[in-house]
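Lettering of chains follows the sequences in order, A, B, ..., and the numbering in each one begins at 1.
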Amino acid sequence: MKLSRAISCLFSINSCSMTPTKRPLKNLIIRQYVKELHTYHIRDESYSGPVQQRLLSLLLKQPTRCQCLQIHSQFITTGLHQCKIDNTGMMIWNMLLREYSLDNFPEEALELYKQMKETLASSYSSSLADSFTYSFLLKACASSHQPIKGNQVHAHIFKVGFGFHLYVQTALVNMYSICGCLGEAKRVFYEMPERNSVSWNSMITGLTNWGELNMAQALFDDMPNRTVVSWTVMIDGYTRMNRPLESLIYFCKMLVEDGIKPNEITILAIFPAISNLGLLEFCQSIHAYSEKNGFMASEIRITNSLIDAYAKCGCIESAFRVFEEVSTERRSLVSWTSIISVFAMHGMAEEAVKWFEEMEKIGLRPNRITFLGVLNACSHGGLVNEGLKFFYKMVSEYGVVPDIKHYGCLIDMLGRAGRLDEAEKMVLKVPKDVINVVVWRILLGACSFHGNVDMGERVMRKILEMERGYGGDYVLLSNIFSSVGRYEDAERVRRLMDERNAFKIPGLSLI
DNA sequence: TTAGGGTTAG
């Protein structure tokens, strides 16, 4: 593709509305465009200092993706990149690198570095890169998950003398951690002649993200100056490992031991732990704290999480009040999805449907999670026909491809309502690449509940083709036989269960 | 005229 053609494609795409389906196409054109720029050579070596200044100041103002491409284009096609490179020129290269590595174009960032090196080598520049260059380059390796490339950059960094630079080493720890190379990350970390809190936090984050909580905790205990980021990383780490109590203990220790105040991100991290333990009072305190510190006004995600947490702590009134207090303009798709799911969770199907329709009225497009919420509501509230309508609407009107959870929901809904034939037809319609044993199991449950022996046997055969070791399936089939008085068959299934060493732990309830 | 750009939590 010629440069002029790439530019016209780029701008024509940019001027129309950017739907998710068009985004990959735009990215492809951007990639092609940058590739063209990399092969563009001109020989105009007139000094244009003021133009460089102008380009740099534009880059420093956080340009959009398109503006950045325009700046890059001007830098190359006017030959400015080949002019005498002073600090301004170096900064233009670095800022372009930064934009590409942060904006999910890591390959372009790496290509740009190659071009930068070649160009600077043939100009009057005294150095080919600085510590900023390598920080951005490592960011690109990290975001594209390319540890091998990162490792090559690491070797190069040593060669050019930045091997023990604080920022570069921290970026190395971060790159290796993100790519899952924890051994390498630790090696760099322990070799660092000096570390700041960011270096420590990067290492601890790497460990928690890969499940090494004990090691992370040991490092956290050794850390000289813990910041709110360090605490948030630990809180989030414990929550993700399904250890909510420890997560809350860290939250309290942060306040009491270090006197550090939680920020928006800490608050977002603590919500799953509160919901998991159903601590309504804790939820209320966090609500009050967020209100007092202006987090509710500044961060819609806190409001959304609060809606979900209140509902999971059993207080639907508070969840709804929080939703109602947000103006329609501020409500995001997640806010709407949260309130719909909250009603679904509490079996309030009509309310869920009502708010789904309200959302549509203001022109918001529901996504797959929103539909999962409303389908769940219909399933639990027995609104079968409405549920089917929503499912078809999702596919035909909104173009959402149903995943296994949508099918599961629908099959559960038909099964609960006793519409077993339709449920079976639906299971048979699930595409081969997404089907799993769970949807068959849902149907078996419905057969058991409604005492349909023939279908139960048929479904069980399907299940056994896929998985033989789940005791619950044998128990259900055996119960189906018992319910119609076929005790010998029930006994046979129980024996089969023993022969195949399929266990079922008896359920228990604390209520 | 000069400074300006970097690494961490979701």
Original post:
How long is the gap from CG on A/Leu59 to CH2 on A/Trp93, to the nearest 0.5 Å?
Top reply: 12.0 Å
Subject >> Under 4.0 Å protein heavy-atom contacts per nucleotide of nucleotides 5-10 of chain B, with B for base, S for backbone only and - for none >> reply: BBBBBB
**OP:** List in chain and number order the residues that pass salt bridge (charged side-chain N to carboxylate O under 4.0 Å, His left out) with A/Glu299, two or more places apart in sequence or in another chain; answer none if no residue qualifies.
**Re:** A/Arg301
**OP:** Using the six-membered ring wherever Trp is involved, compare the ring planes of A/Phe323 and A/Phe320 and label them parallel, tilted or perpendicular (cut-offs 30° and 60°).
**Re:** parallel
Subject >> Check: A/Phe371 ring centroid to A/Tyr398 ring centroid under 6.0 Å >> reply: yes
Original post:
Which salt bridge (charged side-chain N to carboxylate O under 4.0 Å, His left out) pairs, counting each pair once, include a residue from residues 312-336 of chain A, with sequence neighbours left out?
Top reply: A/Asp308-A/Lys312
